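Quick notes on the structure that follows.
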2 protein chains.
Amino acid sequence: MTLGYMEDTAAHPAQDAAQCQRIKDVLARVGDRWSVMIVITLDGGTMRFNELKRHLGITQRMLSLTLKELERDGLISRTYHPTIPPKVEYALTPLGKSFSEPVRSIGRWAIDNLTNIDVCRQRYDAAADTPD
Amino acid sequence: MTLGYMEDTAAHPAQDAAQCQRIKDVLARVGDRWSVMIVITLDGGTMRFNELKRHLGITQRMLSLTLKELERDGLISRTYHPTIPPKVEYALTPLGKSFSEPVRSIGRWAIDNLTNIDVCRQRYDAAADTPD
DNA sequence: CAGGATCCCCCAAGATACTG
DNA sequence: CAGTATCTTGGGGGATCCTG
């Protein structure tokens with residue numbers, strides 16, 4: 001599988017289609033805004049629930065849901081300390097850490113090209129204002 | 001900027017916050033399902049509108065909108081051939097190609113860890129069924 | 001063929017309130 | 001503190017029809 005052209009080949013059409021679907025699934029999870037932000041954040045070290053909440057400016061609900069999904073996928077671990085008040089720590093698993101690498105490369109690209117994209121947008125918008 | 005912990009530091013709080021926001025913006029564009037799929041597909045070579053449409057199983061509307069955004073961001077180029085019938089070719093720009101690299105690394109990670117994630121999910125779901 | 005214009009639906013995600 | 005439960009809404013995105 002090449003990640004490039006992904007059309008059905010005469011050779012193994014159904015298999016490719018299935019693979020593509022699976023990749024879409026993973027990318028859906030991975031592409032999710034909050035998932036990415038959480039992974040990036042936890043890459044900096046273990047954090048508690050409300051720490052993440054404040055840090056990301058995410059709502060309680062979305063944080064809770066996203067963390068559960070990430071834990072289900074094995075990307076993060078949840079450690080509950082039955083103290084009073086309770087304390088729950090979230091951290092990247094080895095799988096999560098391996099995932100954070102390509103994610104960081106995307107992040108780095110984003111940083112490196114922020115202004116680049118801005119220039120493109122301005123040029124595009126300017127051209128739209130002056131049609132011809 | 002480290003992409004790790006991104007909390008306000010005493011040093012430059014506002015700047016960090018602004019950067020984070022920008023990164024979120026770019027990731028929002030980049031994280032978009034169709035944007036990623038289109039970039040991956042075009043990484044395989046130039047394609048026409050309906051080719052992309054068939055290939056991705058995307059609706060006309062979404063394809064049109066997403067292509068416009070990608071063009072605005074300078075990731076893809078649009079070449080119009082005023083023939084009859086008209087012919088429009090889409091291709092990655094150099095910026096788009098540079099972006100496709102980290103995207104491909106994510107794709108590769110996804111492929112490498114599909115089964116890995118499946119196992120984690122099954123284990124998680126099984127544990128949920130047998131709550132201790 | 002390449003797309004613009006419209007209508008419409010559904011659910012992702014925010015806000016709010018409550019609990020162990 | 002670390003969540004769950006419930007209600008509500010914006011807009012993402014599909015379907016359909018139309019044009020140069």
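Chain letters run A, B, ... following the sequence lines, proteins first and then strands; every chain starts at 1. Quick caveat, the model's predicted, so the values are computed rather than measured. Just so you know, these numbers use all the heavy atoms, side chains as well, and skip hydrogens, waters and symmetry mates.
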Per-nucleotide protein contact string for nucleotides 9-15 of chain D (B base, S sugar-phosphate only, - none; heavy atom under 4.0 Å): ----BBB

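- Using a 4.0 Å cut-off, some side-chain N or O of A/Tyr90 falls inside it from OP1 or OP2 of D/dG3.
- Using a 4.5 Å heavy-atom cutoff, the side chains of A/Leu75 and A/Ile38 are not in contact.
- Across the protein-nucleic acid pair, B/Met47 atom CE and C/dA2 atom P stand 10 Å apart, rounded to whole Å.
- With rounding to whole Å, B/Ile84 atom CD1 is found 18 Å from D/dT19 atom P.
- Atom CZ in A/Arg48 sits about 7 Å away from atom P in D/dC1, given to the nearest Å.
- For the pair B/Asn50 CG and C/dG4 C1', the computed distance is 14 Å after rounding to whole Å.
- Here CD of B/Glu89 is found 11.0 Å from CG of B/Leu52. Values are rounded to the nearest 0.5 Å.
- One finds a side-chain N or O of A/Lys68 lying less than 4.0 angstrom from the OP1 or OP2 phosphate oxygen of D/dT4.
- Rounding to whole angstrom units, OH of residue A/Tyr80 and C1' of D/dG3 are separated by 10 Å.
- A/Asp112 meets the salt bridge (Lys or Arg N to Asp or Glu O under 4.0 Å) test with no other residue; sequence neighbours excluded.
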What are the atom names and distances for every N/O pair under 3.5 Å that joins the protein to nucleotides 17-20 of chain C?
unit_1 : atom_1 : unit_2  : atom_2 : d
C/dA17 : N6     : A/Gln60 : OE1    : 3.4

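- Rounded to whole Å, the distance from CG on A/Leu63 to C1' on C/dA12 is 16 Å.
- In this view, A/Lys68 and A/Ser64, B/Tyr124 satisfy the side-chain contact (heavy atoms from CB on, under 4.5 Å) rule, not counting sequence neighbours.
- Atom CD1 of A/Ile111 and atom CZ of A/Arg108 lie 8.5 Å apart (nearest 0.5 Å).
- One distance of note links CG of B/Asp32 with CE of B/Met62; it measures 6.5 Å at 0.5 Å rounding.
- Two residues are said to be in side-chain contact when any heavy atoms from C-beta on lie closer than 4.5 Å; A/Leu42 and A/Met47 meet this criterion.
- At whole-Å resolution of the value, CG in B/Leu67 and C1' in C/dG4 are 14 Å apart.
- For the OP1/OP2 pair of D/dA2 and a distance below 4.0 Å, the side-chain nitrogens and oxygens of A/Ser64 include no atom meeting the criterion.
- Rounded to whole Å, the distance from CZ on B/Phe49 to P on D/dG20 is 18 Å.
- Qualifying side-chain contact (heavy atoms from CB on, under 4.5 Å) partners for B/Thr93, counting only residues two or more places apart in sequence or in other chains: B/Ser77, B/Leu95.
- Legend: residues meeting side-chain contact (heavy atoms from CB on, under 4.5 Å) with A/Gln60, ordered by chain and number and at least two apart, are A/Phe49, A/Lys53.
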